2 protein chains.
Amino acid sequence: METTPRLAILKILELGKGKHVSAEAIYRRLLKKNIPLPMSTVYRVLGQFESAGIVQRHIFDAERSASVFELNNKVHHDHMICITCGSVSHFVDKKIEERQLTIAKNLGFELTDHSLNMYGVCCSCVAIDAARESVSE
Amino acid sequence: METTPRLAILKILELGKGKHVSAEAIYRRLLKKNIPLPMSTVYRVLGQFESAGIVQRHIFDAERSASVFELNNKVHHDHMICITCGSVSHFVDKKIEERQLTIAKNLGFELTDHSLNMYGVCCSCVAIDAARESVSE
DNA sequence: ATCATTGCAAAGCATTTGCATTAAA
DNA sequence: TTTAATGCAAATGCTTTGCAATGAT
């Protein structure tokens, strides 16, 4: 079995540790590295990684629904996504985690998983917006 | 302008108040009501409703991503989804909402929105699972 | 020689769009 | 009669799959 694609993709994911990478981004980065792979392989490998628990898939951005992938760091975390520049921060909050358990219990559910995505404007984008406004006045 | 499609779809959404309906489900229910509409119209109307703020679109179930729609009850809420039967409960939790603001602030974000989806097994499904296990023994 | 992995092209699915047709104001 | 809404079919975007070719053991 050929292993180049798997290794190459894994390396890209490792480089982007903590970041989220789309299949397309991976495809493009592989091109730059002179490792042109068809999308099918990219997706197939990501799929394998996903079932192996190496990688997690997220669907942010309800509108332009394209999955992004990240190395599974085992530790659960939630996401704060900047709606302007797309940057993503991770966080874990004990209070929220605990509260979720309580809520689930109250609703009669056995909680197995959750995803919390917060959307907003990150501080640099806020700054840019502010600058732009002061100019346009 | 013809209004039948819009009214019919609105009615279906109202019937399913608090539930989440997929475009396909709407399509099928319209068929049963002898109001056959093409999917394009279903989606177009839902799209209009969405931009009009009448309807909200969600993408649950990271894997088989199909949107579901619900009447916009204006009040923000989060979701608890049963991974076995697909039933969805709504909830709002002040503590979580507040905590999110704090977290966003700490991360330097201006929070504009969020989506919290909790996944688990609802009590009836837990019961069914339990029954099944006791049989297989 | 066998079996998993690859590349390509084609299929798949949910959703959207172009365009000619039709209904409403 | 002008504008908006509809139906159809075709296009889109992301993702998956069938299959033959290839690489590894």
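To find a chain, count down the sequence lines: A is the first, B the second, and so on, and within it residues start at 1. Both backbone and side-chain heavy atoms feed into the values below; hydrogens, waters and symmetry mates do not. Quick caveat: nothing in here was measured; it's all calculated off a predicted structure.
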Grab the N/O contacts between the protein and nucleotides 18-21 of chain C below 3.5 Å, and write none if there aren't any.
from, atom 1, to, atom 2, distance (Å)
C/dG18, O6, B/Arg44, NH1, 3.3

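- When distances are taken from the side chain of B/Leu37 to each of D/dG7, C/dG7, C/dA14, the shortest belongs to D/dG7.
- In this entry the distance linking CD of B/Glu50 with P of C/dA14 reads 18 Å, nearest Å.
- At least one side-chain heavy atom of A/Glu97 sits under 4.5 Å from a side-chain heavy atom of A/Asp78.
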I'd like a table of donor-acceptor pairs (distance under 3.5 Å, sequence neighbours excluded) in which one partner is a side-chain atom from residues 85-95 of chain A, with atom names and distances.
from, atom 1, to, atom 2, distance (Å)
A/His90, NE2, A/Gly18, O, 3.4
A/His90, NE2, A/His20, NE2, 3.3
A/His90, NE2, A/Glu70, OE1, 3.4
A/Asp93, OD1, B/Arg99, NE, 3.1
A/Asp93, OD1, B/Arg99, NH2, 2.7
A/Asp93, OD2, A/Lys95, N, 3.3
A/Asp93, OD2, A/Ile96, N, 3.0
A/Asp93, OD2, B/Arg99, NE, 2.9

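- By the salt bridge (Lys or Arg N to Asp or Glu O under 4.0 Å) test, B/Glu50 pairs with B/Arg57, sequence neighbours left out.
- What separates CD1 of A/Ile35 from C1' of C/dT6 is a distance of 15 Å, to the nearest Å.
- For B/Arg57, whose side chain is taken as the heavy atoms from C-beta onward, the closest listed nucleotide among C/dT16, C/dT6, D/dT6 is C/dT16.
- With sequence neighbours left out, A/Glu24 forms a salt bridge (Lys or Arg N to Asp or Glu O under 4.0 Å) with A/Arg28.
- Applying the side chain to side chain donor-acceptor pair (under 3.5 Å) test to pairs two or more places apart or on separate chains, none has a residue in residues 29-39 of chain A.
- Nearest to the side-chain atoms of B/Pro38 among the listed nucleotides C/dT16, D/dC8, C/dT6 stands D/dC8.
- The side chain of A/Arg6 contributes an N or O atom lying less than 4.0 Å from OP1 or OP2 of C/dT6.
- Distance B/Leu46 CG to D/dA5 P: 15 Å, rounded to the nearest Å.
- We find that CG of A/Leu7 is positioned 15 Å from C1' of C/dA4, with the value rounded to whole Å.
- For the pair B/Met39 CE and D/dA11 C1', the interatomic distance rounds to 17 Å; values are reported in whole Å.
- Atom pair B/His58:NE2 and C/dA14:P shows a separation of 19 Å (rounding to whole Å applied).
- Counting to the nearest Å, the C1' atom of D/dT16 and the CD atom of A/Glu24 are 17 Å from each other.
- Summarising the geometry, the separation between OH on B/Tyr27 and C1' on C/dC13 is reported as 15 Å, rounded to the nearest angstrom.
- For B/Gln48, the side chain to side chain donor-acceptor pair (under 3.5 Å) test picks out no residue, with sequence neighbours left out.
- The distance from atom CG of A/Leu30 to atom NZ of A/Lys11, rounded to the nearest 0.5 Å, is 11.5 Å.
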